[in-house]
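Bear in mind the structure is a predicted one, so any value in this text is a computation, not a measurement. Note that the numbering runs from 1 along the sequence shown for the chain.
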Amino acid sequence: MAQRQNKSQSDKDPINDTGNAEKPENGEGNSEKKEQEELPPFEIVEGSRIPASSFMFQFKNVEYSSGRNKTILCYTVERPEGQVFHGYLEDEHASAHAEDAFFTSVLPQFLTSGSVTVTCYVSSSPCVNCAASVAQCLRRNKTVRIQLAVARLFQWEEPEIRRALKGLRSAGCQVRMMRGADYVYVWKNFVEPDVTLDEEGKEIVKDEHQDFIPWEDLEENARYYEEKLEEILR
């Protein structure tokens, strides 16, 4: 089940799917006091299985991602001897970035010895700051291989985002769009079955072996994003 991990809030304006940064509201006469107060911590939700409804909404590869202002990151970490670790993180609200939390707080736990191969399935490509975290991880750890498979491109028309994606490639990170096989893999390994309540209010699983049902334009949208990504990385 999901767990919450407290982290101190970044002093930089967050970037979310709407392209707007959250700004504190200061009352008259106490702006200086508020600037000196410590900002509250944000929370990152961690777990092993995503609710099916969250996956279907957040990972849908639409062009205009209205309402999808959080990021879900599913990861696998593989060691040469065959050990594979799974998990996922998601933003609790817009001031938290799942990618930064994974590469600065979660992944280091697996880097104590030997090489690792990391694959992240992410609902959208990283912002500038999160891309920098991934690139820094690769520069510091020469035995790490990282692949990002993303459902959508985040603000891909912005010059700073395009530079950040190019920087990821230069650092050795493979960035690609998710295709149908990726969605099936994530569904089988990271998504929990839908549940409903019985007459006594207890949760029961609707269909433990329910297959992933793709939306009509999944592959068409993936090809569209692939063309945009190729254009950016050219």
Side-chain angles (χ1 to χ4, degrees), residues 1-7 16-17 41-62 65 67-79 82-111 116-126 130 133-134 137 146-152 154 176-198 200-215 218 221-222:
M1 298 301 291
Q3 299 177 340
R4 286 180 169 81
Q5 169 190 352
N6 288 332
K7 294 179 66 69
N16 54 35
D17 276 348
F42 64 71
E43 292 180 315
I44 293 289
V45 176
E46 294 186 68
S48 58
R49 292 277 174 175
I50 313 165
S53 57
S54 294
F55 170 77
M56 294 298 289
F57 180 72
Q58 296 294 342
F59 275 83
K60 194 167 187 179
N61 59 352
V62 291
S65 53
R68 295 171 175 84
N69 57 356
K70 68 162 61 179
T71 301
I72 298 180
L73 181 151
C74 305
Y75 63 86
T76 63
V77 179
E78 301 179 51
R79 295 190 184 278
Q83 284 182 301
V84 181
F85 305 90
H86 294 83
Y88 87 92
L89 295 86
E90 68 176 83
D91 302 342
E92 182 68 7
H93 51 72
S95 61
H97 288 212
E99 303 100 317
D100 183 59
F102 174 73
F103 285 100
T104 59
S105 299
V106 177
L107 183 57
Q109 302 173 36
F110 302 101
L111 302 181
V116 295
T117 299
V118 180
T119 304
C120 295
Y121 302 90
V122 197
S123 55
S124 67
S125 59
C130 289
S133 294
V134 179
C137 176
I146 298 174
Q147 178 182 138
L148 300 182
V150 301
R152 301 184 304 276
F154 170 74
R176 64 177 180 84
M177 304 309 303
M178 289 180 63
R179 297 300 294 261
D182 298 304
Y183 283 92
V184 171
Y185 177 82
V186 174
W187 180 268
K188 289 181 177 180
N189 292 279
F190 295 97
V191 177
E192 63 184 10
D194 280 329
V195 296
T196 187
L197 300 179
D198 62 15
E200 298 179 354
K202 296 181 180 179
E203 291 186 349
I204 56 174
V205 176
K206 286 184 179 180
D207 184 359
E208 187 175 357
H209 304 290
Q210 178 182 359
D211 293 329
F212 170 70
I213 301 176
W215 44 94
L218 186 155
N221 292 349

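- In terms of modelled atom types and a separation under 3.5 Å, the side chain of Arg152 and the main chain of Gln58 share a donor-acceptor contact.
- Separation of atoms OG1 (Thr117) and CZ (Arg79) is listed at 11.0 Å; rounding is to 0.5 Å.
- Taking all atoms of both residues into account, the shortest heavy-atom contact from Glu78 to Val84 is CG-CG2, 3.9 Å.
- Residue Tyr121 is tested with Tyr88, Tyr75, Tyr185 for a side-chain contact (heavy atoms from CB on, under 4.5 Å); the sole match is Tyr185.
- Of the N and O atoms on the side chains of Asn61 and Trp215, at least one donor lies less than 3.5 Å from an acceptor on the other residue.
- Taking CZ from Arg179 and CG from Leu218, the interatomic distance works out to 8.5 Å, rounded to the nearest 0.5 Å.
- The aromatic rings of Phe212 and Phe55 sit perpendicular, their planes meeting at an angle over 60°, well past the 30° parallel limit.
- Pro126 is not listed as a side-chain neighbour of Val134, based on a closest heavy-atom distance of 4.5 Å or more.
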Let's go through Ile72 and Phe190 carefully: what are the C-alpha distance in whole Å and the side-chain angles of both, what is the deciding distance for side-chain contact (heavy atoms from CB on, under 4.5 Å) to 0.1 Å, and is it a yes or a no? CA-CA 11 Å; Ile72 298 180; Phe190 295 97; over 6 Å; no
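- Remark: Thr76 pairs with no residue by the side-chain hydrogen bond (donor to acceptor under 3.5 Å, both in side chains) rule, at least two apart or across chains.
- Residues meeting the side-chain contact (heavy atoms from CB on, under 4.5 Å) test with Pro108, sequence neighbours left out: none.
- Of all heavy-atom pairs between Trp187 and Arg49, the closest is O-NH1, 4.2 Å.
- The CZ atom of Phe103 sits 9.5 Å away from the SG atom of Cys130 when rounded to the nearest 0.5 Å.
- Ring pair Tyr183/Phe59 is perpendicular by interplanar angle, where above 60° counts as perpendicular and below 30° as parallel.
- Applying the side-chain hydrogen bond (donor to acceptor under 3.5 Å, both in side chains) test to Gln147 and every residue at least two apart in sequence or in another chain returns Gln174, Arg176.
- A distance of 9.5 Å separates CG of Asn221 from CE of Met177, quoted to the nearest 0.5 Å.
- Note: Asp182 CG to Thr119 OG1 = 9.5 Å, rounded to the nearest 0.5 Å.
- Ser123 OG to Glu99 CD: the interatomic distance, rounded to the nearest 0.5 Å, is 7.5 Å.
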